[in-house]
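Below is one structure, written out as structure tokens; the observations come after it.
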Amino acid sequence: MDKKITKIVLTGGPCGGKSTGLSCIEKEMSKLGYKVVIINESATELTLNGLSYPAYNNDGYLFEIPIVKLQILKERLYEESCRSLPDDKILLVCDRGIMDCSAYVTKEEFDKILSDIGEDYIKLRDDYDGVFHLVTCAKGVEECYTKANNAARRETAEEAREVDDIIINCWTGHPHFRVIDNSTDFEGKMARLIKEICSLLGEPTPFEIERKFLIKKPDLKKLEKLPNCKKVNILQTYLISDEGDETRVRQRGLNGSYIYTLTTKRQISPIKRVEFEKRINERQYLTYIANADPDLKPIRKDRYCLMQNGQYFEIDIYPFAKENAIMEIELTSEDQEIKFPEFVEVVKEVTEDKDYSNHSLAIKIPKDLH
């Protein structure tokens, strides 16, 4: 059996429940047969050992560059070590990831950090299989906000809310980004976290509940200026598949920096499907492309990933569509309320309309998408 190493990030605003979340992950995923390996938070590690923000004369660049370097080194060493473990299923959990560092410096400073160390933003961000954000309790349960459980925490409740928003913006655009809010009690919040991780891992079955809408094409210039919106380019190619399955390879990224995935889907109900996805390298991607289905055209699109009202939307802009676009949202339950962004004008829901699936678009384009 091939060794399965899945690397995820547990992040969130100050006092969001990360410490408890890490314990829950270790406890619950161990029950499912996973070897859980945790990479401790690099910023806290350095701060508690004397390398605090004031020690660098409050210079964000000087403070964050050793954190970024340490995080990259730790992740690569841990991944290498995990390959030597006898366990077949390994869950590598990062207590915060590299993109968290960008929340504490300007965009220009973070770009300079990556440039100085020769690293690529998208490849670093999308190197994780999943990112799970625990919303600070300063949003909705302010009475629970405390600095007592983390000696390195310095934010007030108001600052914690601001940091929470910034961290969400830093991770927006990741292909598997989930935000766990405070809509339930804390026990329920932890249960939702475990449920989302199990969904990613396919334990027991990775059901995806998704709704899809045809919308008026938004003003892209305004959309791109939103701090909580990130753009990626997608090239999706369908492969010759077994009957009942849909298999595709995807190139996803921006400005020449890409990640590649292989996905197989099987429909269970109109809004439920089982989905298996794995990361592949460029060489494997090119090999799969040779098995492209000749009856299906490759799909190119610009995807705008948007975090709004605590929900994660994906707006797909197709080169052949002049007036309309497709918007999708993944839900935790079939009856979950959708809080549409104010600028979104919904034409109609197309969740159950197969004509608007990417697979169908590879065959024929509906008139209202021309």
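The analysis underlying the following values was restricted to heavy atoms, covering all of them including side chains, and did not include hydrogens, waters or symmetry mates.
For Asp120, there are no salt bridge (charged side-chain N to carboxylate O under 4.0 Å, His left out) partners, not counting sequence neighbours. With sequence neighbours left out, Glu119 forms a salt bridge (charged side-chain N to carboxylate O under 4.0 Å, His left out) with Arg76. With sequence neighbours left out, Lys348 forms a side-chain contact (heavy atoms from CB on, under 4.5 Å) with Leu214, Val350, Tyr356, Asp368. With sequence neighbours left out, Asp87 forms a salt bridge (charged side-chain N to carboxylate O under 4.0 Å, His left out) with no residue at all. Considering only residues two or more places apart in sequence or on other chains, Asp127 meets the salt bridge (charged side-chain N to carboxylate O under 4.0 Å, His left out) condition with Lys7. For the side-chain contact (heavy atoms from CB on, under 4.5 Å) test, residues two or more places apart in sequence or in another chain that qualify with Gln336 are Gln311, Leu331, Thr332, Ser333. Residues satisfying the side-chain hydrogen bond (donor to acceptor under 3.5 Å, both in side chains) criterion with Thr20, sequence neighbours excluded, are absent altogether. Partners of Asp245 under the side-chain hydrogen bond (donor to acceptor under 3.5 Å, both in side chains) rule, at least two apart in sequence or in another chain, are Arg266.
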Handout entry: Stepwise side-chain contact (heavy atoms from CB on, under 4.5 Å) test for Asn324 and Tyr318
Key = CA-CA 9 Å; Asn324 295 331; Tyr318 297 89; over 6 Å; no
Exercise for the section: Tell me, with the steps shown, if Asp100 and Trp171 meet side-chain contact (heavy atoms from CB on, under 4.5 Å). Expected result: CA-CA 8 Å; Asp100 285 273; Trp171 287 104; 3.2 Å; yes
Practice task
Kindly indicate, with the supporting measurements, whether the criterion side-chain contact (heavy atoms from CB on, under 4.5 Å) is fulfilled by Glu45 and Leu70.
Solution key: CA-CA 10 Å; Glu45 182 179 328; Leu70 178 61; 4.1 Å; yes
Problem - Full working for side-chain contact (heavy atoms from CB on, under 4.5 Å) between Asp165 and Glu162 - result: CA-CA 5 Å; Asp165 289 338; Glu162 294 175 357; 5.8 Å; no
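Through direct or relayed side-chain contacts under 4.5 Å between Ile, Leu, Val, Met, Phe, Trp and Tyr, Leu92 connects to Ile5, Val37, Ile39, Tyr78, Leu85, Ile90. Within the hydrophobic cluster formed by Ile, Leu, Val, Met, Phe, Trp and Tyr side chains joined at under 4.5 Å, directly or through other members, Val141 stands alone, with no partner residue. Side-chain contacts under 4.5 Å among hydrophobic residues (ILVMFWY), followed directly or transitively, place Leu73 together with Leu77.
Contact check on Lys18 versus Asp95 returns a salt bridge, with a Lys/Arg side-chain nitrogen under 4.0 Å from an Asp/Glu carboxylate oxygen. Contact check on Lys217 versus Glu323 returns no salt bridge, with no Lys/Arg side-chain nitrogen under 4.0 Å from an Asp/Glu carboxylate oxygen.
In this structure, Lys74 places its NZ atom where more than 12 heavy-atom neighbours from other residues, nucleotides or ligands lie under 6.0 Å away. Counting non-hydrogen atoms of neighbouring residues, nucleotides and ligands closer than 6.0 angstrom, the CD atom of Glu80 reaches no more than 12 such neighbours.
Not a single donor-acceptor pair under 3.5 Å links the side chain of Ser199 to the backbone N or O of Lys195. Between the side chain of Ser115 and the main chain of Asp111, no donor-acceptor pair closer than 3.5 Å is present. Under the 3.5 Å distance criterion, the side-chain polar atoms of Ser102 are matched with a main-chain donor or acceptor of Met99. Side-chain atoms of Tyr304 do not come within 3.5 Å of backbone N or O of Ile317 as any donor-acceptor pair. Without hydrogens or angle criteria, His174 side chain to Tyr128 main chain gives a donor-acceptor distance under 3.5 Å. No donor-acceptor pair closer than 3.5 Å links the side chain of Glu345 to the backbone N or O of Phe343. In this structure, the side chain of Asp355 does not engage the main chain of Pro366 through any donor-acceptor pair within 3.5 Å. Here the side chain of Gln284 pairs a donor or acceptor atom with the backbone of Asn281 at under 3.5 angstrom. Side-chain atoms of Arg192 come within 3.5 Å of backbone N or O of Asp181 as a donor-acceptor pair.
Cluster membership for Val344 and Ile326, using ILVMFWY side-chain heavy atoms within less than 4.5 angstrom, is not shared. Cluster membership for Met327 and Val347, using ILVMFWY side-chain heavy atoms within less than 4.5 angstrom, is not shared.
The shortest non-hydrogen separation linking Gly97 to Glu75 is CA-OE2, 4.4 Å. Nearest approach of Asp164 to Gly12, heavy atoms of both residues: OD2-C, 4.2 Å.
Put simply, the side chain of Tyr104 reaches to within 4.5 Å of the side chain of Val163, judged on heavy atoms. No side-chain heavy atom of Val179 sits less than 4.5 Å from a side-chain heavy atom of Tyr312. A 4.5 Å side-chain heavy-atom check between Asn182 and Lys189 finds at least one atom pair inside the cut-off. Considering only heavy atoms from C-beta on, Arg248 comes within 4.5 Å of Lys265 through its side chain. At least one side-chain heavy atom of Thr172 sits under 4.5 Å from a side-chain heavy atom of Phe177. When side chains are defined from C-beta on, Val68 counts as touching Phe110, because their heavy atoms get closer than 4.5 Å. In this structure, the side chains of Glu159 and Thr136 stay at 4.5 Å or more apart for every pair of heavy atoms. Ile25 has its side chain within reach of Leu193: a pair of non-hydrogen atoms, C-beta onward, lies under 4.5 Å apart.
To the nearest 0.5 Å, atom CD1 of residue Ile67 and atom CG of residue Leu51 are 9.0 Å apart. Atoms NZ and CD, on Lys31 and Glu203 in that order, are 14.0 Å from each other to the nearest 0.5 Å. Atom CD in Glu109 sits 9.0 Å away from atom CG in Leu62 (nearest 0.5 Å). Atom CG of Asn358 and atom CD1 of Ile363 lie 11.5 Å apart (nearest 0.5 Å). Interatomic distance, CD of Glu64 versus NZ of Lys69, reported as 13.0 Å (0.5 Å rounding). Here CZ of Arg83 is found 9.5 Å from OG of Ser81. Values are rounded to the nearest 0.5 Å.
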Could you pull out all donor-acceptor pairs under 3.5 Å where a side-chain atom in residues 226-241 meets a protein atom, sequence neighbours excluded?
residue: Asn228; atom: ND2; partner: Met307; partner atom: O; Å: 2.4
residue: Asn228; atom: ND2; partner: Gln308; partner atom: OE1; Å: 3.0
residue: Lys230; atom: NZ; partner: Asn169; partner atom: O; Å: 2.7
residue: Asn233; atom: ND2; partner: Asp302; partner atom: OD1; Å: 2.6
residue: Gln236; atom: OE1; partner: Arg250; partner atom: NE; Å: 2.9
residue: Gln236; atom: OE1; partner: Arg250; partner atom: NH2; Å: 2.3
residue: Gln236; atom: NE2; partner: Tyr238; partner atom: OH; Å: 2.8
residue: Tyr238; atom: OH; partner: His359; partner atom: N; Å: 3.1
residue: Ser241; atom: OG; partner: Leu239; partner atom: O; Å: 2.9
residue: Ser241; atom: OG; partner: Thr247; partner atom: N; Å: 3.2
residue: Ser241; atom: OG; partner: Thr247; partner atom: OG1; Å: 3.2

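The cationic atom of Lys112 (NZ for Lys, CZ for Arg) lies less than 6.0 Å from the six-membered ring centre of Tyr61 and within 45° of the ring axis. With a 6.0 Å cutoff to the six-membered ring centre and a 45° limit on the axis angle, Lys89 counts as a cation-pi contact of Tyr34.
In summary, the aromatic rings of Phe340 and Phe213 are positioned with their centroids under 6.0 Å apart.
For the residue pair Glu158/Thr156, the side-chain donor-acceptor check at 3.5 Å is not satisfied.
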